[in-house]
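Below is one structure; the comments refer to it alone.
Numbering of ligands and ligand atoms starts at 1, following listing order.
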Amino acid sequence: MRLRKAARIILVGAPGVGKGTQAERLLQRFPQLSAISSGDLLRDNVKNQTALGIKAESTMKSGALVPDAMILRLILHELKTRGWVKPSGTQSMSLSSAAASAAQQDFDNDMYVEQPSLAQSSPQTSDDPSASFILDGFPRTASQASQLDSLIPINLVVSLKTPFSIILERIAGRYVHAPSGRVYNTTFNAPRVPGKDDVTGEPLVKRDDDDEATWQARLKKFEETSEPLLEHYAKKGVLWEVQGNSSDEITPALFGEFERRFGGGELS
Ligand SMILES: *[C@@H]1O[C@H](CO)[C@@H](O)[C@H](O)[C@H]1NC(C)=O
Ligand SMILES: *[C@@H]1O[C@H](CO)[C@@H](O)[C@H](O)[C@H]1NC(C)=O
Ligand SMILES: *[C@@H]1O[C@H](CO)[C@@H](O)[C@H](O)[C@H]1NC(C)=O
C-alpha cells in the first residue's frame with residue numbers, strides 16, 4: 001500500500017508487547033517506510049569510525065551514557081544523508097556560540113548546535129512519502145522528545161497496549177530449545193513431551209528476558225519514562241492508542257489507522 005504523505009512515526013509499548021513485530025509488519029505492508037534505529041546508527045558510526053562514532057565510542061568506554069545531543073546528531077545526519085531533511089537557511093549559525101561553531105567543525109559541515117532546541121530555525125523535513133520512517137530507540141523520555149521536536153516533527157506516536165497479565169502469561173509460558181532457537185509456549189504450541197524439544201528431545205530452557213522479575217523491573221522503568229513521553233505527544237496531538245491481547249489483534253487496527261492518516265496515494 002502506497003503512502004500519500006510522509007509518515008514519521010514512533011511505536012511505544014511495554015516490554016513484551018510486540019513492538020518489533022508491529023514494526024516489521026508495517027515495514028512489509030508499506031514499502032515506502034524505512035526503519036531508523038538509533039542503536040544501529042550508533043553501532044555503524046562506531047564501526048565506520050566517523051568523527052561522531054569515535055566520540056561516542058570514547059564516551060561509552062569511559063562508562064558514560066551517550067548524551068542525547070549526540071544521538072540527535074546521528075539521527076539528523078542520517079536523515080540528511082538520505083536527503084529527507086534540509087537545513088533551512090543559515091540563521092541557525094547566527095547563534096555563533098563557541099559550542100555551535102565547535103560542533104560544526106567536528107562533524108562535517110552539518111548544521112548543528114549543542115542544544116538543538118536553541119536553534120532559531122528548524123531544518124526542513126521532507127513531506128515526500130518516500131521520506132517515511134519508524135524511529136526506534138529514541139526518544140525514550142519527554143525531554144528527548146522535545147529536543148527531537150525542534151528538529152524533526154514526529155507525526156504519529158502509536159501507544160501499543162496489552163494487559164500486563166496477558167504479557168506475563170505469554171512470557172511465563174515461553175520456553176526455547178537454545179541450540180536451534182525453536183520456541184515453544186505452553187498455551188499455543190506446547191512441546192509433545194513437557195520440557196523437551198520435539199526434534200532432539202533435549203531440555204528446553206527459559207530465555208533470560210523471559211524471567212518474571214527481569215520483566216517486572218523493565219516494566220517499572222518503562223512506565224516511569226513512558227508516561228511523561230506519551231503525555232508530551234498527547235499535547236502535540238499526535239498520540240494514538242491501540243489495545244489488543246495479541247499482536248494479531250493489534251495489527252489490523254494499526255494498519256487501518258495508518259492508511260487513514262497516510263495512505264491513499266495513487267498506485268504508480
Ligand atoms: C558505514 O560504511 C558502510 C560501508 O562503506 C556504508 O554503507 C554505511 O552507510 C556507513 N554508515 C555510516 C553511518 O557511516
Ligand atoms: C507461541 O509460539 C508460536 C510458535 O513459536 C508463536 O507463533 C506464538 O506467537 C506463540 N504465542 C505466544 C502467546 O507466545
Ligand atoms: C483480552 O483479555 C481480557 C482478559 O485479560 C479479556 O477480558 C478480553 O475479553 C480479551 N479480549 C479479547 C478481544 O479477546
Side-chain angles (χ1 to χ4, degrees), residues 8 12-19 21-22 25 27 32-61 65-87 103-112 116 123 125-126 130-139 148 151-152 158-174 185-189 210 212 215-216 219 222-223 240-257:
R8 296 181 290 272
V12 181
V17 81
K19 229 170 52 162
T21 302
Q22 300 302 341
R25 290 175 179 177
L27 292 168
Q32 288 157 305
L33 266 181
S34 303
I36 296 195
S37 147
S38 58
D40 288 349
L41 289 180
L42 191 56
R43 271 187 293 278
D44 285 355
N45 276 272
V46 169
K47 201 172 78 195
N48 288 8
Q49 293 286 289
T50 64
L52 197 48
I54 291 169
K55 206 169 194 179
E57 190 176 30
S58 70
T59 308
M60 290 186 286
K61 274 188 179 148
L65 288 173
V66 178
D68 294 348
M70 247 187 231
I71 304 285
L72 279 166
R73 283 167 76 178
L74 288 173
I75 295 169
L76 191 58
H77 186 253
E78 175 67 18
L79 297 183
K80 270 192 222 166
T81 304
R82 291 172 182 240
W84 295 353
V85 157
K86 294 189 177 41
Q104 189 186 23
Q105 277 170 15
D106 71 26
F107 196 57
D108 301 332
N109 288 320
D110 262 23
M111 191 214 71
Y112 172 78
T125 319
S126 168
S130 65
S132 293
F133 57 87
I134 304 177
L135 185 58
D136 182 48
F138 191 94
L148 183 66
L151 294 173
I152 301 143
V158 177
S159 168
L160 301 167
K161 296 256 182 168
T162 297
F164 295 152
S165 60
I166 290 180
I167 298 180
L168 196 53
E169 225 171 74
R170 219 146 63 188
I171 288 172
R174 187 157 51 208
N185 45 61
T186 41
T187 23
F188 288 83
N189 100 23
D210 288 347
E212 182 177 342
W215 178 77
Q216 293 281 7
L219 178 65
F222 167 78
E223 287 192 297
W240 179 72
E241 186 180 301
V242 57
Q243 306 218 18
N245 287 353
S246 68
S247 294
D248 289 348
E249 222 174 283
I250 288 175
T251 301
L254 179 56
F255 282 1
E257 184 65 21

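- Looking only at heavy atoms of the protein, atom 11 (N) of ligand 1 is closest to N48 ND2, 2.9 Å.
- The nearest protein heavy atom to atom 2 (O) of ligand 1 is closer than 4.0 Å.
- Each of the atoms 13 (C) of ligand 1 lies under 4.0 Å from some heavy atom of N45.
- Not a single N or O atom of E78, backbone or side chain, sits closer than 3.5 Å to an N or O atom of ligand 1.
- The environment of NZ in K19 is crowded: more than 12 heavy-atom neighbours from other residues, nucleotides or ligands sit within 6.0 Å.
- Only side-chain heavy atoms of T50 come within less than 4.0 Å of ligand 1; its backbone N, CA, C and O stay farther off.
- Protein heavy atom in closest approach to atom 4 (C) of ligand 3: I166 CD1, 4.2 Å.
- Looking only at side-chain heavy atoms (C-beta outward), R170 and N185 stay at 4.5 Å or farther from each other.
- Between R25 and D248 a salt bridge is recorded (basic side-chain N to carboxylate O distance below 4.0 Å).
- In this structure, atom 9 (O) of ligand 3 is not in close contact with the protein, since no protein heavy atom lies within 4.0 Å of it.
- Scanning the protein for heavy atoms near atom 13 (C) of ligand 3, the closest one is E249 OE2, 3.5 Å.
- When hydrogens are left out, the protein atom nearest atom 14 (O) of ligand 3 is N245 ND2, 3.5 Å; that is the closest non-hydrogen contact.
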Hey, mind stepping through E257 and V242 against side chain to side chain contact (heavy atoms under 4.5 Å, CB included) and telling me if it holds?
CA-CA 10 Å; E257 184 65 21; V242 57; over 6 Å; no
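- Considering every non-hydrogen atom in both I250 and K161, the closest pair reads CD1-O, 4.2 Å.
- Minimum heavy-atom separation, F164 to A14: CE2-CB, 4.0 Å.
- For the side chain to side chain contact (heavy atoms under 4.5 Å, CB included) criterion with T50, the lone passing option out of I54, V46, N48 is N48.
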